[in-house]
Number of protein chains: 2
Amino acid sequence: MDNVERRSGISLWRQIADQIRIAISNGEFDGNNMLPGEIALAKRFSVNRHTVRSAIASLTQEGVVRVEQGRGTFIERRERLQYPIGRRTRFSEGLAGKIGPRDRHLKNHTLQPAPAFVSTALQLAPGAPVVQLETVNTADDQLVSRAISWFDGERFSDFADRYVEYGSITAIFKSYGIDDYIRVSTRISAHHADSTTLEDLQLSPGAIMLRTEAINADMNGRPVEYSHSYFAADRIELDIDHGTALRA
Amino acid sequence: MDNVERRSGISLWRQIADQIRIAISNGEFDGNNMLPGEIALAKRFSVNRHTVRSAIASLTQEGVVRVEQGRGTFIERRERLQYPIGRRTRFSEGLAGKIGPRDRHLKNHTLQPAPAFVSTALQLAPGAPVVQLETVNTADDQLVSRAISWFDGERFSDFADRYVEYGSITAIFKSYGIDDYIRVSTRISAHHADSTTLEDLQLSPGAIMLRTEAINADMNGRPVEYSHSYFAADRIELDIDHGTALRA
DNA sequence: TTTATTTGTCTATTTATCTAGACAACTAGA
DNA sequence: TCTAGTTGTCTAGATAAATAGACAAATAAA
């Protein structure tokens, strides 16, 4: 008998949708690949059947379940995509058994004086010029993240032009003579999605985003890229590799 | 002019509280350390003043702001605690400039046959005995996470007893002759908090949790600990160290 | 003291969410 | 074909959230 809380600022149907989504990803309904009936769910959460129907309507919208009149509610999507992050995190590389082919769409780019938090991260003088790229990213043909990246504007002045030419960040760095680079640090937090992220990733309000704040450096330890990424938390989990891969 | 969405399943006051919390941690109100007046905020979010008051009441409850009649609303807590995760992640170690003193409270422990996902992670035979610890963890005297950890029941049969004696996991491993161990992998996802986490961390419904799934191994690469941790996302961010610390 | 600005409290009304029940439409199996 | 079990749709009413306005109480500065 699961609990939902009233007067919490989250509507009952939304709390129930959240709990069903978690139950699905925990494999709770693996047996016949369907949810219990609406009446059974209403009893389980101690709410009216119509409230459960609202929750299921929301999950249908997300593509998590599919409803068939007279038959029941079937589970469509069970797991989150695994997004690898490590010393050598490369956006364009695929990993066996993990996330599939990825694509980046460039929303816009600017050359501008660095805000304080950017110049600090890239170890530049305050107000030094930086190239800023905004992208929307897909994996396995699903929208998974948006990102804002900054690069030293002196060192990489025509970065955006080369983006069109080369396609991948790794290739652009190569063209600047940087054969290799490593992820130095990643800071991860979770929030309710802001309006830009809701729009870019086609999420519904109240959705959760995973935010990463990352620094990449060249082999001399000089920072070359600073970025903020926002992932749709219901589609992605981050898989951190600390250097010695053992996991299956 | 920020946006709030109606009919989203998240009440307006809650959306506004979320946005103010984010704005605070972005340093938006750093100048005089206070929020704008209720009327200004109501205009900013295009809602009634009473709706803003509900949002502020919620933030007061959380300890994020403090209200004084006739004066205004003052910011009490600005940042999330930074929780470091790296190859040598140790719960009990403090890091300068980061999170402060931490404490673990043991909720319960059992010795039981391993569920499939545990025996796989620890590379044990299916159904082999494992020690399971459930803890609730604080940092800087704030509730920040709960965790479930599993250890090989053959190798560490009296692990729970030694927990009482030694206090720290590192010390217990030492007592078993394991002088060092490293974090092999960490998987990170974000969800709405489940009922156990809500209760253990004293969160309100709809709160977000960061979930980590981690494996630690001894220096031979043999897994010694598998754990699930659930962090209060509004109190914590995870700081991943990939091996070469440059960040200030 | 006066004034402008702030938060606190109250009443009333509108809108959205949740409950309750009845019955239709569809499916699968007896 | 019949029946039990499922989802779909409708009406009505109760409860909660949000709006609107008026005025009190506290503060700070003129």
Side-chain angles (χ1 to χ4, degrees), chain A residues 1-20 29 31-76 192 204-206, chain B residues 1-20 29 31-62 64-76 204-206:
Chain A
M1 203 67 70
D2 295 57
N3 280 338
V4 284
E5 196 141 342
R6 289 156 199 269
R7 298 163 175 272
S8 67
I10 313 285
S11 64
L12 297 183
W13 65 261
R14 183 145 207 139
Q15 294 183 52
I16 290 165
D18 289 338
Q19 294 204 31
I20 292 176
F29 312 117
N32 50 4
N33 209 38
M34 348 172 25
L35 296 189
E38 294 172 349
I39 297 169
L41 286 172
K43 192 173 234 172
R44 167 166 169 174
F45 292 108
S46 310
V47 297
N48 191 274
R49 178 182 154 229
H50 298 292
T51 308
V52 168
R53 283 177 60 76
S54 298
I56 290 174
S58 165
L59 292 171
T60 303
Q61 188 66 24
E62 288 177 41
V64 173
V65 299
R66 166 181 45 84
V67 183
E68 291 185 27
Q69 180 170 359
R71 299 191 62 206
T73 304
F74 299 84
I75 295 170
E76 288 280 81
H192 287 105
S204 55
Chain B
M1 204 66 70
D2 296 57
N3 281 339
V4 285
E5 197 138 344
R6 288 156 200 270
R7 300 162 179 272
S8 66
I10 314 282
S11 63
L12 296 184
W13 64 261
R14 189 159 197 127
Q15 293 183 51
I16 290 166
D18 289 338
Q19 293 203 33
I20 292 176
F29 311 117
N32 50 5
N33 208 38
M34 2 178 2
L35 296 189
E38 293 171 350
I39 296 169
L41 286 172
K43 191 173 235 173
R44 167 167 170 174
F45 293 109
S46 310
V47 298
N48 191 274
R49 176 180 156 232
H50 297 292
T51 308
V52 168
R53 284 177 59 76
S54 298
I56 291 175
S58 165
L59 292 171
T60 303
Q61 189 66 24
E62 288 178 41
V64 173
V65 300
R66 165 180 46 84
V67 184
E68 292 185 26
Q69 180 170 358
R71 298 189 65 203
T73 304
F74 299 84
I75 295 169
E76 289 278 83
S204 53

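Not measured: the values here are computed from a predicted model. Below, read A as the first sequence line, B as the second, and so on, with proteins coming before strands; counting in each chain starts at 1.
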Between the protein and nucleotides 12-14 of chain C, which nitrogen or oxygen pairs are less than 3.5 angstrom apart?
none

| request: Go through the steps to decide whether B:Ile10 and A:Ile10 satisfy the test side-chain contact (heavy atoms from CB on, under 4.5 Å), and finish with yes or no. | output: CA-CA 5 Å; B:Ile10 314 282; A:Ile10 313 285; 3.6 Å; yes
| note | salt bridge (Lys or Arg N to Asp or Glu O under 4.0 Å) filter on B:Glu68, not counting sequence neighbours, yields B:Arg66, B:Arg71
| the helix from C:dT1-D:dA30 to C:dA30-D:dT1: angle between end helix axes, five pairs per end, rounded to 10 degrees | 30°
| request: To the nearest 0.5 Å, tell me how far A:Phe74 CZ sits from A:Asn32 CG. | output: 8.5 Å
| query | Is it true that a side-chain atom of A:Ser54 and a backbone atom of A:His50 form a donor plus acceptor pair closer than 3.5 Å? | reply | yes
| query | Side-chain N or O of A:Ser54 less than 4.0 angstrom from OP1 or OP2 on C:dT17? | reply | no
| query | Do you know which two heavy atoms are closest between A:Met34 and A:Phe29, and how far apart they sit? | reply | O-CB, 3.4 Å
| request: For B:Asp18 and A:His192, work out which heavy atoms get closest and say how close. | output: OD2-ND1, 2.7 Å
| message | According to side-chain contact (heavy atoms from CB on, under 4.5 Å), who are the partners of A:Val47, at least two apart in sequence or on a separate chain? | response | A:Val4, A:Arg6, A:Leu12, A:Ile16, A:Phe45, A:Thr51, A:Val52
| message | A:Asn48: which residues meet the side chain to side chain donor-acceptor pair (under 3.5 Å) condition with it, sequence neighbours left out? | response | none
| task | Determine the minimum heavy-atom distance between B:Ala17 and B:Ser58, stating which atoms define it. | result | CB-OG, 4.4 Å
| note | Reading nucleotides 2-8 of chain C from 5' to 3' and marking B where a protein heavy atom lies under 4.0 Å of the base, S where only the sugar-phosphate is that close, and - otherwise, the string is ----BBB
| request: Mind checking the CG-OG1 spacing from B:Leu59 to B:Thr73? Nearest 0.5 Å is all I need. | output: 9.5 Å
| query | Of A:His50 and B:Trp13, whose closest DNA chain D nucleotide lies nearer the 5' terminus? | reply | A:His50
| field | Partners meeting side chain to side chain donor-acceptor pair (under 3.5 Å) with B:Glu38 (sequence neighbours left out) | value | B:Arg49, B:Arg53
| Among all residues two or more places apart in sequence or in another chain, which pass the side chain to side chain donor-acceptor pair (under 3.5 Å) test with B:Glu62? | B:Arg21
| said: Of all nucleotides in DNA chain D that come within under 4.0 Å of a heavy atom of chain B, which is furthest toward the 5' end and which toward the 3' end? | reply: D:dA17 to D:dA28
| query | Rounded to the Å, how far apart are A:Ile10 CD1 and C:dT17 C1'? | reply | 14 Å
| Partner set under side chain to side chain donor-acceptor pair (under 3.5 Å) for A:Ser11, not counting sequence neighbours | A:Trp13
